[in-house]
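One structure below.
Just so it is clear, the model here is predicted, and its values are computed rather than measured. Order of the sequence lines sets the chain letters (A, B, ...), proteins ahead of strands, with each chain counted from 1.
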4 protein chains.
Amino acid sequence: MARSKSEDKRVLILQTSKTLFADKGFFNTSVSDIVKETGLPVGSIYTYFKNKEEIVKVIIDEGWEDLNTRLQENFLSTKDPKEKMKILLEEFLPELFEDLDLITILLGEAVDYTKLEEKLEELTKLIFSILKALSGNSYFAESLSKKEMEAAVIVYFLGILHAVRLAKSTPIGISQDDIMRIVKVTINSAMGVEI
Amino acid sequence: MARSKSEDKRVLILQTSKTLFADKGFFNTSVSDIVKETGLPVGSIYTYFKNKEEIVKVIIDEGWEDLNTRLQENFLSTKDPKEKMKILLEEFLPELFEDLDLITILLGEAVDYTKLEEKLEELTKLIFSILKALSGNSYFAESLSKKEMEAAVIVYFLGILHAVRLAKSTPIGISQDDIMRIVKVTINSAMGVEI
Amino acid sequence: MARSKSEDKRVLILQTSKTLFADKGFFNTSVSDIVKETGLPVGSIYTYFKNKEEIVKVIIDEGWEDLNTRLQENFLSTKDPKEKMKILLEEFLPELFEDLDLITILLGEAVDYTKLEEKLEELTKLIFSILKALSGNSYFAESLSKKEMEAAVIVYFLGILHAVRLAKSTPIGISQDDIMRIVKVTINSAMGVEI
Amino acid sequence: MARSKSEDKRVLILQTSKTLFADKGFFNTSVSDIVKETGLPVGSIYTYFKNKEEIVKVIIDEGWEDLNTRLQENFLSTKDPKEKMKILLEEFLPELFEDLDLITILLGEAVDYTKLEEKLEELTKLIFSILKALSGNSYFAESLSKKEMEAAVIVYFLGILHAVRLAKSTPIGISQDDIMRIVKVTINSAMGVEI
DNA sequence: AATGAATGAGTCTTCATTCAT
DNA sequence: TATGAATGAAGACTCATTCAT
């Protein structure tokens, strides 16, 4: 009977904001910037989102869920931990790297709304279980307690994210490919398996 | 050698701002917050610093330089790369971890003013040179190009920083000690040397 | 005689708004508050009322008319001014006091739309005519001109309304009963008649 | 060493706001109206007052205190309750009536910030004590309990205020003088004393 | 040099009303 | 007629920085 909320507009706001937040930062992006960039009237921003904060939250949550969903789908194809690790390295990470804006926001100013630790926990558990299955006889596994392995995963994952983000925005002289390669070598070396 | 009154004020502003920036974030800290916390008149802030941005810059630059200076001093005591690595792990990192506020600001909202990449570059070169000297016969070094080793150092270092920061502010279930331990194991394992 | 569905909605809007206006004030009640409270779609509000302003107007006008109608009906039963005064005091006032929301709105923020003076005028004339009939030999009447008696009625009536309203919303330490009693005493005393 | 806050500006804001609040109502007066009318920059409003609400509060509190102070000063000149009543009627009330804007705001929309009941309580106590001293042998006092006399004072005072306000803004056909006169007659009649 | 009032562009958000469906 | 998304002017307030004193 009345216009129904347009998914298109919602997505437009989300995508525009994502780019702006990643480029200029959350605090340096004003609602009025989003308005200008989307071409929508101010009011419309607020018919689709409660406030500016909710926009970042949704960007992060939906972005992360998306990645996760695709990862889970890929995981359905196999039970072999080696295969799973391969999927993680060759599907998940590249996809994540693709979404530099998401990484930037995830690590950036909006940390308060980002619940990075929750995302990390999920992922850590997952990776940890794969590593455990893989690491029957590796040096790495022998010398590290469970908690230390978890720490290792967290450190490594955060390092990767931050490095990729930095590689994009500043001239640190390394590329995504460099990062991908050392990840693989590390896994191979640490796990004693060739991925 | 007594500090002048002005130097006291400069330091007061710096320390107060550092705490505030680390606790509430750069953008959520107003100059007026700094004024309230220091008890100084607003004008004073601007006689010591050009603007809010310069305050963060100085916090980071001086903080980093401090760490660096002490590292260099420690390095004077030896030429042995193994010893140097030890210093890095047992002096530099703990000191850095001590200064969580600095890490938080370094990785946080003020990224634009932080020149993280420059700091990283210095450090990377240094660590890289040590690793190279150490790694005569390690598997790690054989399979990684120079650039990849640099990438590894960056990833690892950023990972450590971010993990320590996160461990402080959220319940991710790992401690600074866990992190320290896996760093050591990694070095040992990767380099084939016992530190 | 069954109320039509639309009449139900109109009344719902009116009653809900009345409570809201009395509780939170006219300006602090948004149309969207009315929408939430009634459960009706915004559009509906505007099919029944031209705008927010008209809602208050109708609340007041219909509320007042209601009281008046009942008063007039009661008055039909007698011609005796003393009886009429009794009706005024024992039927009309208690009924009015019953409707605190109406009083609150009448005296409150919506004064611009309320035409309080018109309501007052009607009532003043009525009361005045009764008083005149009653006051053949009272001290009060002798010493007051017509205009002054009107002023007295207005002052008294407004005072009663305001006091009742204040007694409801704040702890001024007097009750509706106290007010009713002094009204009666005043009339008795001023008019020299026992009501 | 720096400009000090200007009492002139504070007063300008207060007076301008008072007129605007009385004329258009608190909610229909925007801070920007005050800005336009005073010619001050927005920021200045907020260097002198925390927010819009505080402006009304100060208008009312200082206005009321002013009246009170002058009343107390006048009261110093006598101990005779009859004299005091005279002062109340011939000094205080006329002064109050002079300040119609204050009355309008006091009774108007800003009721939430106005603490009308507190003002009323003070005054009621004062008047009550005078009446008590006066009323040795009056009919009024005999037939009314303490609480009822308080109620009477409240009703009467509120009625006067509201009537004066209404007389100013709408054509209810009575004047301040009419009101003053009936007040006197009422006192005389009720107290049995000639003021 | 020290002070803190002055400034006004800019912030996010609200809201009564309209109108496409 | 019923609906609720769309609209954008207007709202209160902030804040980094300047500059008169």
>> So that I can tick it off, tell me whether C/Glu62 and C/Arg10 are bridged by a salt bridge, with the cut-off set at under 4.0 angstrom between side-chain N and carboxylate O.
In response: yes
>> Output the rounded distance in Å from CZ (A/Phe49) to P (E/dT14).
In response: 16 Å
> Does the pair C/Asp112/D/Lys24 count as a salt bridge with the N-to-O cut at 4.0 Å?
Replying inline: no
>> Tell me which one of D/Ile59, D/Val58, D/Ile45 satisfies side-chain contact (heavy atoms from CB on, under 4.5 Å) with D/Ile13.
In response: D/Ile45
> Rounded to the Å, how far apart are A/Asn28 CG and F/dA16 C1'?
Replying inline: 13 Å
> Are the side chain of A/Glu117 and the backbone N or O of B/Thr170 linked by a donor-acceptor pair below 3.5 Å?
Replying inline: no
> Want to settle it: does B/Thr29 or D/Thr29 sit nearer the 5' end of DNA chain F, counting the closest nucleotide to each?
Replying inline: D/Thr29
> Closest nucleotide of DNA chain F for A/Ala2 versus for D/Glu53: which of these residues is on the 5' side?
Replying inline: A/Ala2
> Considering only E/dA16, F/dA12, F/dT17, which nucleotide approaches the side chain of B/Lys52 most closely?
Replying inline: F/dT17
> Dot-bracket for DNA chain F: what is it, with Watson-Crick or G-U pairs under 3.5 Å, [ ] where a pair crosses earlier ones, and | for a pair to another strand?
Replying inline: .||||||||||||||||||||
> Going by number, which of residues 38-48 of chain A have a non-hydrogen atom under 4.0 Å from DNA chain E?
Replying inline: A/Val42, A/Tyr46
> Is it true that a side-chain atom of A/Ser6 and a backbone atom of A/Asp8 form a donor plus acceptor pair closer than 3.5 Å?
Replying inline: yes
>> Using a strict heavy-atom distance below 4.0 Å, which residues from residues 14-26 of chain B are in contact with DNA chain E?
In response: none
> In whole angstrom, what separates D/Glu7's CD from E/dA5's P?
Replying inline: 14 Å
> So which of D/Val56, D/Ile55, D/Leu20, D/Thr114 actually passes side-chain contact (heavy atoms from CB on, under 4.5 Å) with D/Phe26?
Replying inline: D/Val56
>> Take a 6.0 Å sphere around CD of C/Glu37 and say whether it holds more than 12 heavy atoms from other residues, nucleotides or ligands.
In response: no
> Starting at CZ of A/Phe27 and ending at P of F/dT14, how long is that distance when rounded to a whole Å?
Replying inline: 17 Å
> What residues form a salt bridge (Lys or Arg N to Asp or Glu O under 4.0 Å) with A/Lys5, not counting sequence neighbours?
Replying inline: none
> Going by an N to O cut-off under 4.0 Å, is there a salt bridge joining D/Glu54 and D/Lys57?
Replying inline: no
>> In this structure, how many angstroms lie between the P atom of E/dT3 and the CD1 atom of B/Ile13, rounded?
In response: 11 Å
> Once you round it to whole Å, what is the distance between P of F/dT3 and NZ of C/Lys36?
Replying inline: 18 Å
>> In this structure, how many angstroms lie between the C1' atom of F/dA16 and the CD1 atom of B/Ile55, rounded?
In response: 11 Å
> Between C/Ser30 and C/Asp33, does a side-chain hydrogen bond (donor to acceptor under 3.5 Å, both in side chains) hold up when you go through it step by step?
Replying inline: CA-CA 5 Å; C/Ser30 66; C/Asp33 288 335; 3.3 Å; yes
> With sequence neighbours excluded, what pairs up with B/Lys52 under the salt bridge (Lys or Arg N to Asp or Glu O under 4.0 Å) test?
Replying inline: none
> Among all residues two or more places apart in sequence or in another chain, which pass the side chain to side chain donor-acceptor pair (under 3.5 Å) test with B/Ser32?
Replying inline: B/Lys36
> Could you give the OH-to-C1' distance, from D/Tyr113 to F/dA12, as a whole number of Å?
Replying inline: 12 Å
>> F/dA6, OP1 or OP2 - any side-chain N/O from A/Lys9 closer than 4.0 Å?
In response: yes
